[in-house]
Q: 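Got a structure for you, written out below as C-alpha cells; questions coming shortly.
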There are 2 protein chains.
Amino acid sequence: MSHAQRLRQRIEDEIVSGELALGSRLDENQLAARFGVSRTPIREALLQLAATGLVQTKPRRGAIVSAPEPHLLLAMFEAMAEMEAACGRLAARRLVPEDAEALQTALAGCKAAMTLEDPEGYYAENYVFHTVVYRASRNAFLAEQALSLHRRLAPYRRLQLRVRQRVPQSLAEHEAIVAAIVAGDEAGAAEALRSHVIVQGDRFTDLVAGLRAPNAA
Amino acid sequence: MSHAQRLRQRIEDEIVSGELALGSRLDENQLAARFGVSRTPIREALLQLAATGLVQTKPRRGAIVSAPEPHLLLAMFEAMAEMEAACGRLAARRLVPEDAEALQTALAGCKAAMTLEDPEGYYAENYVFHTVVYRASRNAFLAEQALSLHRRLAPYRRLQLRVRQRVPQSLAEHEAIVAAIVAGDEAGAAEALRSHVIVQGDRFTDLVAGLRAPNAA
DNA sequence: ACAGTTTTTCTTGCATACAAGCGCTGTTGA
DNA sequence: TCAACAGCGCTTGTATGCAAGAAAAACTGT
C-alpha cells in the first residue's frame, strides 16, 4: 500500500479515536515532519478524508478536523438511525444461522463488558455489535456506508456513553434488537434500531453539553 | 476554487453524464494534457473521486471509472431505496408548505416531460423530483448523502428509462409518493419510495442486460 | 516454434522547487 | 490612542524531477 493510503488510515484513526481533537488544525508541514514524508502524500491523504467529510478544507486556509454544527450533527445521528433501521430490517428478512450466531456472540460480549463496568470495553463491544448488524443486512454497500458513518460519529458516541445509566439501557436495547431480528420481525427490528440510535430529548442536551468541553473528563 | 476542485467536479460530471464510459482508464498524463495542467491537480481530483467511490484505484496501476459488479450494483440500488424511503418518511412528518409546493411543481414538470415523450427531459425532471424529496426531509446530511448516491447511480438509471413503459409507470409512482407525503402518511411515503427505487424482478434483468452493452442505443 | 526469462519502457508515487494568497504585525497618520 | 494601510512571512497550491514497480516486448534456450 502507498504512503498516502497508510497515512489516510492513520489520520482517520487518530480522528476517530479522539487523539486529534475536533476542530484542530491539520498542518501539512507538521504532519509531514511527524510522519517523515514530504507534503505530497499528506495532502493526498487529507484530500481523501475531506472527500468523505471527516476533515474540512477551506481554500488557501488548510484543513481542520470537521466539527459539525449541532444541527448538522443531529441530522447525522438521524441519518445513522435510518441506515441502521434499514440494516435491521434487511437482517430480519435475510437472517442466516451464521449471522444469528454472530449476533448472540456480540450481545454476550456487550453483556460481559457491562458487568465488568468497563465503559471503554463496552464501547468496543458496542462497535462490534453494530458491525455485526450491518453485515447481517447482507448488503455490502449499505454495510460499508453504515460503518463509515458510525466511525465518523464515533467521537460523539464516546461522549454519550459517559452519561450515567446509558450503558445498561443500551444493552437492554441491544437485546430487543436481537430478539426482533431473530424473530424475523422486520418492522420491529427497524424501529428498535432507529430508537436505539436516534438522539432526542435528554440525550440531545447531553450531546450538545458534551461538545462544549470535549476534553473534560 | 482550486484547479483540483474544478477538475474534480468536471471529471465527476463526465462520469455521471456517461461521457466517460464505465470501466475506462483515467490516464493522469492524458488528463493533464487535456486540461492543460500538471499531473498534481489531476491526481488530487482522482483521489477525491476514489474516496467517494466513483473511481477505483489499484496501487501502481492507475485509476478507472468504477464499474461495480452486478451484485454490488443491486446492493447500491437497495441502499438508495432505503435512503429515499427515509427521506420520504421524514418529509411526510415535517412537510412545510414551501416543500409541498416544490413537490407539486416537480411533479408537474415530470408530467409535462412525459406528455412531450421526451425521455432525456423526463430524466432531468425525475432528477429534480428526487432532489426535492431529499430536501423535504429537512435533514441536510441525509439529503446530501442521497443526492451523492443518486448521482453515482445516474448512469444506470439512464439505462432503465429506456425500457418501454417505464416512464408512465414512474410518473404514476411519483404521484403516489407525493400523495402520501402530503397526507402525512409516513409509512406510506416510505414504502412508495422504496418500491419506486428498488430494482427487482424484470427491472433487474433489464439492468444487467443493459450493462453488457452500455453504449448500444 | 514455443515458452520462459530478461530487458526496456511507460506509468505511478513521492520529493522538491516555485509561485501565489492570506494573515499578521508594525508603523504612520489623524 | 485607535484605526487603517503597507510590508513581510508563512502556508497552500501547482509544477517538475526522480525513482521504483509493473506491463509489454524482445530474446534465448530447448
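The chains referred to below are lettered A, B, ... by the order of the sequence lines, with proteins before strands, and numbering in each begins at 1.
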Q: For a 4.0 angstrom threshold against heavy atoms of chain A, report the outermost contacting nucleotides of DNA chain D in 5' to 3' order.
A: D/dT11 to D/dT14
Q: Can you tell if the side chain of A/H174 reaches within under 4.5 Å of the side chain of A/H196, non-hydrogen atoms only?
A: yes
Q: Which of these, B/R94, B/R93, B/R89, sits in a salt bridge (charged side-chain N to carboxylate O under 4.0 Å, His left out) with A/E78?
A: B/R94
Q: Going by atom type alone, with no hydrogens or angles, which donor-acceptor pairs under 3.5 Å involve a side-chain atom of residues 52-76 of chain A and a protein atom two or more places apart or on another chain?
A:
unit_1 : atom_1 : unit_2 : atom_2 : d
A/T52  : OG1    : A/L49  : O      : 2.9
A/S66  : OG     : A/G53  : O      : 2.9
A/S66  : OG     : A/L54  : O      : 3.3

Q: Is a donor on one side and an acceptor on the other found under 3.5 Å between the side chain of A/R6 and the backbone of A/M1?
A: yes
Q: I'd like to compare against my own output: the B/S/- annotation of nucleotides 16-24 of chain C with a strict under-4.0 Å heavy-atom distance to protein.
A: B---BSSS-
Q: Please check this pair: side chain of B/S24 against backbone of B/L20, looking for a donor-acceptor N/O pair closer than 3.5 Å.
A: no
Q: Got B/R10 and B/F35 here, is their nearest side-chain heavy-atom distance under 4.5 Å?
A: yes
Q: For residues 46-57 of chain B, pull every pair meeting salt bridge (charged side-chain N to carboxylate O under 4.0 Å, His left out), keeping only residues two or more places apart or in separate chains.
A: none
Q: Does any non-hydrogen side-chain atom of A/V167 lie less than 4.5 Å from one of A/L171?
A: no
Q: Is DNA chain C part of any stem, that is, at least 3 consecutive Watson-Crick or G-U pairs with both distances under 3.5 Å, and where?
A: C:1-30 with D:1-30
Q: Tell me which residues in residues 28-37 of chain B lie within less than 4.0 Å of DNA chain D, going by non-hydrogen atoms.
A: B/V37
Q: Does any part of the side chain of B/F77, heavy atoms only, come nearer than 4.5 Å to the side chain of B/Y156, both counted from C-beta?
A: yes
Q: Spell out, as yes or no, whether a donor-acceptor pair under 3.5 Å connects the side chain of B/Y123 to the backbone of B/A154.
A: yes
